[in-house]
Amino acid sequence: MEELTLQVAPKYVKRYQSGFPLVQREMIVNWPKQIAEGQILRLVSPNKAFLGKAYYGKQNKGDGWVFSRKEDETLSTEFFRALLQEAVQNRQELFHDDTTTAFRLFNGEGDGLGGLTIDYYDGFLLLQWYSAGIYSYQKALLRAMFDQPFVKGIYEKKRFLREENTHDFVGGDVPEFPLLVKENGMTYATYLNDGWMTGIFLDQRNVRRRIMEEFASQKNVLNTFSYTGAFSVAALYGGALNTTSVDVAKRSVTKTSEQLVVNGFNPEEQSILVWDVFEYMKFAKRKNMLFDLVIADPPSFARTKKITFSVAKDYGTLMEELISITAPNGTIIASTNYANFSLKKFKEIISAAFKESKRTFKIRETHTLPSDFKVHPEFPEGNYLKVLILELDI
Ligand code: SAH
């Protein structure tokens, strides 16, 4: 394929020189009317100095990613092989950790190529493609991937399609589902062939570990937006007295029961409720219920039959409600994966909610992405996760 030379607008030249990885059409002077997904781009400065090699791939973040600052680099199997080698090298500690068998192996631009992530589930890989552009290199990447000695089988999600995949399997062996993976000694049931989500969000590994180690012992735990109850599992390992998991999706009952069972906990002894979290909080308040540990990890945006929730406008209200059902000296774990919020802004919203509630708190811990979710130094927006562990004074 012939390369397309694109000229970067003067005020963005410095950013690309210092390694900025994202291509955005507003940064380009001669953006063409038509451009094919996967098109290789040569970025140059106004005086035609070479800045970087990129590919075109339309996704929500922008229009493509820089993949090299070498002029003769292409998206070949050799290129992918070198990238993967480095990604594997950087995660040796996780590969050698017998208590953890699921983690992110390749994190897009953080590992040198935006638009693609690869997760490792006990030898089975899940590739996630974020544009048709990067997907056009699927075959070259797969050749490099299947060369890796640890690969048992490969699944993929085409995140650039609106519809969930129906054919997630790519090649190699097929595991038995649920595929049981380990994380810090806990077990999680996962599915690589069942819609966008696998049963566990790997980016919360450190938070689950801290819940197990430190924050759940002898506590009544409320896990809101609980999905498959992964945080509830961690709380039970940590010695929680009881857990209540609340999620509006019906699937959460079977999914959460399964996570409990594979860890030897009895689902009959825990509460797993299909409720709108906001309805549940009203109910809990009416019944004067108080929890010692309250966990909230809502989606950035959600619509149920009754309400529309968006982190951007509703997190403050959510916090106020959560505070009202948290026991004196209790703990709240407030999480969001909303990328357009800075940590600073997130803290401000939380502080305002406490002020409104006339309660005070200390931040015990702050978590962002774990190290396997590698962040590009020139693209800090890639570090979307923010988790605050708050201890209430009264
Ligand atoms: N905290 C979970 C992940 C949450 S994913 C974990 O660690 O695994 C977001 C979940 O929120 C989804 O399962 C979705 O069904 C649920 N959800 C969205 N809006 C909701 C609402 N208003 N009430 C209850 N659950 C909701």
Side-chain angles (χ1 to χ4, degrees), residues 102-104 119 121 164 178 181 183-184 186-191 194-212 215-216 221-238 240 243-260 262-263 270-284 293-315 317-322 325 332-339 367-370 373 384-389:
F103 52 87
R104 179 145 293 189
D119 291 323
Y121 288 86
E164 291 186 310
V181 297
E183 187 192 81
N184 293 308
M186 300 180 268
T187 300
Y188 288 100
T190 67
Y191 296 81
D194 186 27
W196 294 139
M197 304 191 286
T198 64
I200 187 169
F201 288 99
L202 298 176
D203 54 3
Q204 296 276 14
R205 180 173 64 248
N206 291 338
V207 179
R208 285 187 287 266
R209 177 172 54 79
R210 295 301 292 144
I211 289 172
M212 170 175 69
F215 294 104
V221 179
L222 174 64
N223 181 7
T224 62
F225 307 95
S226 55
Y227 179 42
T228 65
F231 287 132
S232 305
V233 168
L236 288 168
Y237 271 100
T243 62
T244 301
S245 303
V246 183
D247 196 293
V248 76
K250 284 204 186 71
R251 61 164 189 239
S252 65
V253 177
T254 45
K255 292 276 181 191
T256 304
S257 301
E258 181 175 51
Q259 299 293 22
L260 294 172
V262 298
N263 285 287
Q270 308 302 322
S271 304
I272 306 169
L273 308 174
V274 178
W275 276 61
D276 183 313
V277 164
F278 291 90
E279 296 288 321
Y280 181 78
M281 291 189 298
K282 269 191 221 149
F283 164 83
L293 172 63
V294 175
I295 304 166
D297 173 35
S300 293
F301 186 84
R303 182 174 284 140
T304 65
K305 279 188 208 104
K306 287 197 183 133
I307 58 139
T308 306
F309 172 85
S310 93
V311 161
K313 77 179 173 24
D314 301 319
Y315 210 101
T317 315
L318 171 65
M319 268 315 284
E320 286 175 36
E321 301 288 331
L322 294 172
I325 54 171
I332 298 179
I333 301 185
S335 171
T336 179
N337 57 11
Y338 184 54
H367 293 271
T368 56
L369 287 176
F373 284 68
Y384 55 84
L385 185 69
K386 294 157 274 283
V387 185
L388 295 172
I389 304 186

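As the structure lists them, so they are numbered: ligands from 1, and atoms in each ligand from 1.
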*Do the ring planes of Phe278 and Phe225 sit parallel (below 30°), tilted (30 to 60°) or perpendicular (above 60°)?*
perpendicular

*Is any NZ, NE, NH1 or NH2 atom of the basic residue among Lys255 and Asp194 found under 4.0 Å from an Asp or Glu carboxylate oxygen of the other?*
yes

May I have every N or O pair linking ligand 1 to the protein at under 3.5 Å, one per line with atom names and distance?
residue: ligand 1; atom: 1 (N); partner: Phe225; partner atom: O; Å: 3.1
residue: ligand 1; atom: 1 (N); partner: Asp297; partner atom: OD2; Å: 2.9
residue: ligand 1; atom: 13 (O); partner: Asp247; partner atom: OD1; Å: 3.4
residue: ligand 1; atom: 13 (O); partner: Asp247; partner atom: OD2; Å: 2.6
residue: ligand 1; atom: 13 (O); partner: Arg251; partner atom: NH2; Å: 3.0
residue: ligand 1; atom: 15 (O); partner: Asp247; partner atom: OD1; Å: 2.7
residue: ligand 1; atom: 22 (N); partner: Asp276; partner atom: OD1; Å: 3.4
residue: ligand 1; atom: 23 (N); partner: Val277; partner atom: N; Å: 2.8
residue: ligand 1; atom: 25 (N); partner: Val248; partner atom: N; Å: 3.1

*Name all pairs fulfilling the salt bridge (Lys or Arg N to Asp or Glu O under 4.0 Å) condition that reach into residues 223-237, sequence neighbours left out, sorted by first residue then second.*
none

*For atom NZ of Lys313, decide whether the heavy atoms of other residues, nucleotides or ligands shown that lie under 6.0 angstrom number more than 12.*
yes

_According to side chain to side chain contact (heavy atoms under 4.5 Å, CB included), who are the partners of Ala284, at least two apart in sequence or on a separate chain?_
Tyr280, Met289, Ile325

*Partners of Arg209 by salt bridge (Lys or Arg N to Asp or Glu O under 4.0 Å), sequence neighbours excluded?*
Glu213

